[in-house]
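This chain uses plain numbering: 1 for the first residue, then up along the sequence.
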Amino acid sequence: MDARIYRPAKTAMQSGRAKTKHWVLEYERQDRTRRDPLMGWAQSGDTRRQIRLEFDTKEDALDYAKRHKIAARVLPDHQRRKVIKSYADNFR
């Protein structure tokens, strides 16, 4: 059972950062996805892929993985870069 622990990046569809404050533990895909012949949907027999656990801190997520003997890897945190501009830069 492999899992990854990461902090989600800001979605490109909204300007807010509401869902970027928690750390997420998700299981890696163990089974290939197949195409359903009737509807064309992607299907898989791996039900652990549907589990998504949220934690307040990275340490809480690592402690949970350690307690439940889950081999987890931590992905680097997405840091927001601020580009400071003035209104006058639009007219240069």
Side-chain angles (χ1 to χ4, degrees):
M1 259 196 297
D2 291 332
R4 59 187 172 142
I5 298 171
Y6 66 96
R7 179 181 259 172
K10 182 182 85 65
T11 177
M13 303 305 289
Q14 298 287 327
S15 62
R17 296 186 312 242
K19 295 184 180 180
T20 63
K21 293 176 177 42
H22 296 287
W23 287 84
V24 176
L25 184 138
E26 284 184 342
Y27 289 100
E28 295 286 342
R29 180 171 292 157
Q30 299 293 328
D31 191 15
R32 287 187 46 176
T33 57
R34 298 174 301 278
R35 187 169 176 231
D36 183 46
L38 179 62
M39 298 297 289
W41 296 340
Q43 65 182 8
S44 174
D46 188 15
T47 58
R48 288 179 298 177
R49 189 80 176 119
Q50 300 171 5
I51 298 172
R52 178 184 166 110
L53 302 174
E54 291 185 357
F55 299 93
D56 290 331
T57 63
K58 177 173 61 171
E59 289 76 24
D60 289 343
L62 287 170
D63 289 341
Y64 178 85
K66 190 176 185 182
R67 268 185 284 142
H68 294 280
K69 297 179 178 72
I70 300 170
R73 62 184 173 105
V74 178
L75 300 178
D77 189 11
H78 299 281
Q79 294 296 329
R80 184 175 175 205
R81 286 183 282 154
K82 290 185 179 181
V83 179
I84 300 173
K85 293 193 257 180
S86 70
Y87 182 70
D89 290 341
N90 293 331
F91 302 103
R92 286 188 185 185

**Student:** With sequence neighbours left out, what residues match D77 under salt bridge (charged side-chain N to carboxylate O under 4.0 Å, His left out)?
**Tutor:** R7
**Student:** State plainly whether one hydrophobic cluster holds both I51 and V24, where clusters connect Ile, Leu, Val, Met, Phe, Trp and Tyr through side-chain heavy atoms under 4.5 angstrom apart.
**Tutor:** no
**Student:** Who pairs with Q43 by side chain to side chain contact (heavy atoms under 4.5 Å, CB included), at least two apart in sequence or on another chain?
**Tutor:** R34, D36
**Student:** May I have all residue pairs that pass ring-ring contact (aromatic ring centres under 6.0 Å, His included) and include part of residues 33-56, sequence neighbours excluded?
**Tutor:** F55-Y64
**Student:** Which residues pass the salt bridge (charged side-chain N to carboxylate O under 4.0 Å, His left out) test with D89, not counting sequence neighbours?
**Tutor:** R92
**Student:** If the condition is salt bridge (charged side-chain N to carboxylate O under 4.0 Å, His left out), which residues does R49 pass it with, not counting sequence neighbours?
**Tutor:** none
**Student:** Who passes salt bridge (charged side-chain N to carboxylate O under 4.0 Å, His left out) against R29, sequence neighbours left out?
**Tutor:** none
**Student:** Under the side-chain hydrogen bond (donor to acceptor under 3.5 Å, both in side chains) test, which residues partner E28, sequence neighbours left out?
**Tutor:** R73
**Student:** Using the test side chain to side chain contact (heavy atoms under 4.5 Å, CB included), find all partners of I84 that sit at least two apart in sequence or belong to another chain.
**Tutor:** none
**Student:** Test of understanding: with side chain to side chain contact (heavy atoms under 4.5 Å, CB included), list the residues that count as partners of T47, not counting sequence neighbours.
**Tutor:** none
**Student:** Could you pull out all residues at least two apart from D56 that satisfy side-chain hydrogen bond (donor to acceptor under 3.5 Å, both in side chains)?
**Tutor:** H22
**Student:** Residues two or more places apart in sequence or in another chain: which of them pass ring pair (Phe, Tyr, Trp, His ring centres under 6.0 Å) with Y6?
**Tutor:** none
**Student:** Listed by chain and number, what are the side chain to side chain contact (heavy atoms under 4.5 Å, CB included) partners of I5, not counting sequence neighbours?
**Tutor:** W23, L25, A61, L62, A72, V74
**Student:** Exactly one of L53, I70, D2 should register a side chain to side chain contact (heavy atoms under 4.5 Å, CB included) with Y27. Which one does?
**Tutor:** I70
